[in-house]
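Report on the structure given below.
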2 protein chains.
Amino acid sequence: MTATESPTTHQLADWLKVLAEPRRLQILNLLMAGVQCNCELGAHLDLAPNLISHHLSVLRKAGLVEVERDGGDARWVYYAINRPNLEALTAAFASFFDPARILPRQPSCGPQATFVSDELIMGSYPS
Amino acid sequence: MTATESPTTHQLADWLKVLAEPRRLQILNLLMAGVQCNCELGAHLDLAPNLISHHLSVLRKAGLVEVERDGGDARWVYYAINRPNLEALTAAFASFFDPARILPRQPSCGPQATFVSDELIMGSYPS
DNA sequence: ATAATACTTCAACCACGATTGAAGTATATC
DNA sequence: GATATACTTCAATCGTGGTTGAAGTATTAT
């Protein structure tokens with residue numbers, strides 16, 4: 001038997017991998033405040049431009065960040081939070097880690113073992 | 001200038017690092033459903049006992065999981081979600097990634113640059 | 001005592017990804 | 001055209017951490 005996972009779980013796992021990086025959290029934090037160009041992020045985080053670029057690329061591929069070029073001077077790029085996907089992220093996270101999902105112990109193993117259906121165990125997420 | 005971070009941001013970063021691991025997400029998912037012993041987790045996830053042990057140890061050190069031994073047969077250990085810390089986790093995550101925190105662009109750099117106070121940029125989290 | 005069970009710890013291996021430093025691209029200014 | 005700016009991409013290095021396989025610990029059963 002292979003543990004089947006819902007697509008949302010996979011997506012959540014991918015997102016968490018992207019977020020599990022202090023620098024990227026800092027970048028997102030700055031983007032939430034409206035700071036958006038590469039050089040400014042670099043100045044605030046004391047980080048080389050290519051690293052900023054790299055992390056932004058990861059965030060962009062994950063769909064968490066959007067990019068736009070300056071209309072007047074196309075050398076400047078501005079980054080912004082992708083709000084719909086951020087909302088999807090918070091929804092997925094809140095749903096997966098919802099404390100209300102915690103069930104009491106139902107031993108199917110060990111001294112007090114009783115029968116427990118597989119659906120009850122594996123099918124708990126998504127609800 | 002070094003970017004100062006709030007303690008909650010550090011803690012969130014640590015938690016995310018722990019969560020950015022598919023196996024650990026699967027383990028947490030099973031624990032939410034009440035499955036709690038090592039052998040059972042291993043059976044459901046098709047994972048060697050020492051790996052289960054390793055990942056549970058990481059989750060335990062992060063404060064997300066609690067451990068308890070069977071009263072009748074002390075060889076069996078039961079794992080459970082640490083509810084208070086799970087609630088702290090969801091609260092920290094929801095607060096950090098709250099879409100309402102997204103501010104419009106306030107260019108302090110680039111062609112349309114205007115003055116922007118540092119407090120506005122860096123002090124956005126926590127509120 | 002001996003053996004089996006349930007789990008943990010250890011050391012070696014290996015892969016992924018962040019960092020580094022340099023070269024490359026595109027646009028704007030002189 | 002030549003230089004400067006803003007950013008991206010590339011190849012190489014390096015550390016962290018998951019995996020592997022084995023040995024170790026604690027408890028129970030025979």
Side-chain angles (χ1 to χ4, degrees), chain A residues 13-28 30-31 35-62 65-80 105 107-113, chain B residues 13-28 30-31 35-62 65-80 105 107-113:
Chain A
D14 290 343
W15 271 332
L16 289 176
K17 213 171 167 189
V18 168
L19 298 178
E21 172 58 59
R23 298 267 158 82
R24 287 200 278 269
L25 277 187
Q26 292 177 320
I27 289 175
L28 286 176
L30 288 174
L31 289 181
V35 179
Q36 289 154 333
C37 75
N38 188 319
C39 66
E40 203 167 22
L41 292 169
H44 278 290
L45 301 177
D46 195 25
L47 219 58
N50 58 345
L51 270 186
I52 301 281
S53 216
H54 163 66
H55 288 305
L56 282 169
S57 157
V58 174
L59 289 169
R60 206 164 55 81
K61 279 170 189 156
V65 158
E66 283 173 330
V67 69
E68 186 191 357
R69 286 199 172 267
D70 188 292
D73 187 335
R75 288 174 300 180
W76 297 76
V77 299
Y78 301 109
Y79 292 96
R105 184 172 155 226
S108 69
C109 184
Q112 301 94 4
Chain B
D14 291 343
W15 270 333
L16 289 176
K17 213 171 167 188
V18 167
L19 298 178
E21 171 59 60
R23 298 265 158 85
R24 288 200 277 269
L25 277 187
Q26 291 175 320
I27 289 174
L28 285 176
L30 289 174
L31 289 182
V35 179
Q36 289 155 333
C37 75
N38 188 320
C39 65
E40 203 167 21
L41 292 169
H44 278 290
L45 301 177
D46 195 24
L47 218 57
N50 58 345
L51 272 187
I52 301 281
S53 217
H54 164 65
H55 287 305
L56 283 169
S57 156
V58 174
L59 290 169
R60 206 163 55 80
K61 278 169 189 158
V65 159
E66 284 173 329
V67 68
E68 186 190 355
R69 288 200 171 267
D70 189 292
D73 186 336
R75 287 174 301 180
W76 297 77
V77 299
Y78 300 110
Y79 291 97
R105 183 174 155 225
S108 69
C109 183
Q112 299 96 3

**Request:** Among C/dC7, D/dG18, D/dT9, find the nucleotide with the atom closest to the side chain of A/S53.
**Result:** D/dT9
**Request:** Indicate the atoms forming the closest heavy-atom contact of B/A62 with B/W15, along with that distance.
**Result:**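 Minimum heavy-atom contact is O-NE1, 3.0 Å.
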Whole Å only: how far is the [atom1] atom of [X] from the [atom2] atom of [N]?
| X | N | atom1 | atom2 | result |
| --- | --- | --- | --- | --- |
| A/W76 | D/dA4 | CH2 | P | 17 Å |
| A/N38 | C/dT25 | CG | C1' | 14 Å |
| A/I27 | C/dT19 | CD1 | C1' | 13 Å |
| B/I52 | D/dG18 | CD1 | P | 14 Å |
| A/K61 | D/dT8 | NZ | C1' | 11 Å |
| B/E68 | C/dC7 | CD | C1' | 16 Å |
| A/L56 | D/dT9 | CG | P | 11 Å |

**Nucleotide-resolved protein contact map, nucleotides 19-30 of chain D, B/S/- at heavy-atom distance under 4.0 Å** = BBBB----BS--
Distance-only donor-acceptor hits, side chain of residues 67-75 of chain A, under 3.5 Å, sequence neighbours excluded:
residue, atom, partner, partner atom, Å
A/R69, NH1, A/A74, O, 2.6
A/D70, OD1, A/G72, N, 2.6
A/D70, OD1, A/D73, N, 2.9
A/D70, OD2, A/Y78, OH, 2.7
A/D70, OD2, B/Q112, NE2, 3.4
A/D73, OD1, A/R75, N, 3.1
A/D73, OD1, A/R75, NE, 3.1
A/D73, OD2, A/R75, NE, 3.4
A/D73, OD2, A/R75, NH2, 2.7

**Item:** Interatomic distance, B/L45 atom CG to B/I27 atom CD1 [nearest 0.5 angstrom]
**Value:** 6.0 Å
**Asked** Does any non-hydrogen side-chain atom of A/L19 lie less than 4.5 Å from one of B/L19?
**Response** no
**Request:** Compare all side-chain heavy atoms of B/H54 with those of B/N50 and state whether any distance is below 4.5 angstrom.
**Result:** no
**Request:** State whether the side chain of A/R24 and the backbone N or O of A/L59 hold a donor-acceptor pair below 3.5 Å, judged by distance alone.
**Result:** no
**Request:** List for me each residue that meets side chain to side chain donor-acceptor pair (under 3.5 Å) alongside A/R23, sequence neighbours excluded, and say none if there are none.
**Result:**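 None.
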Closer than 4.0 Å, any side-chain N/O of [X] to the OP1 or OP2 of [N]?
| X | N | value |
| --- | --- | --- |
| B/Y79 | C/dA6 | no |
| A/Y78 | D/dC7 | no |
| A/K17 | C/dC16 | no |

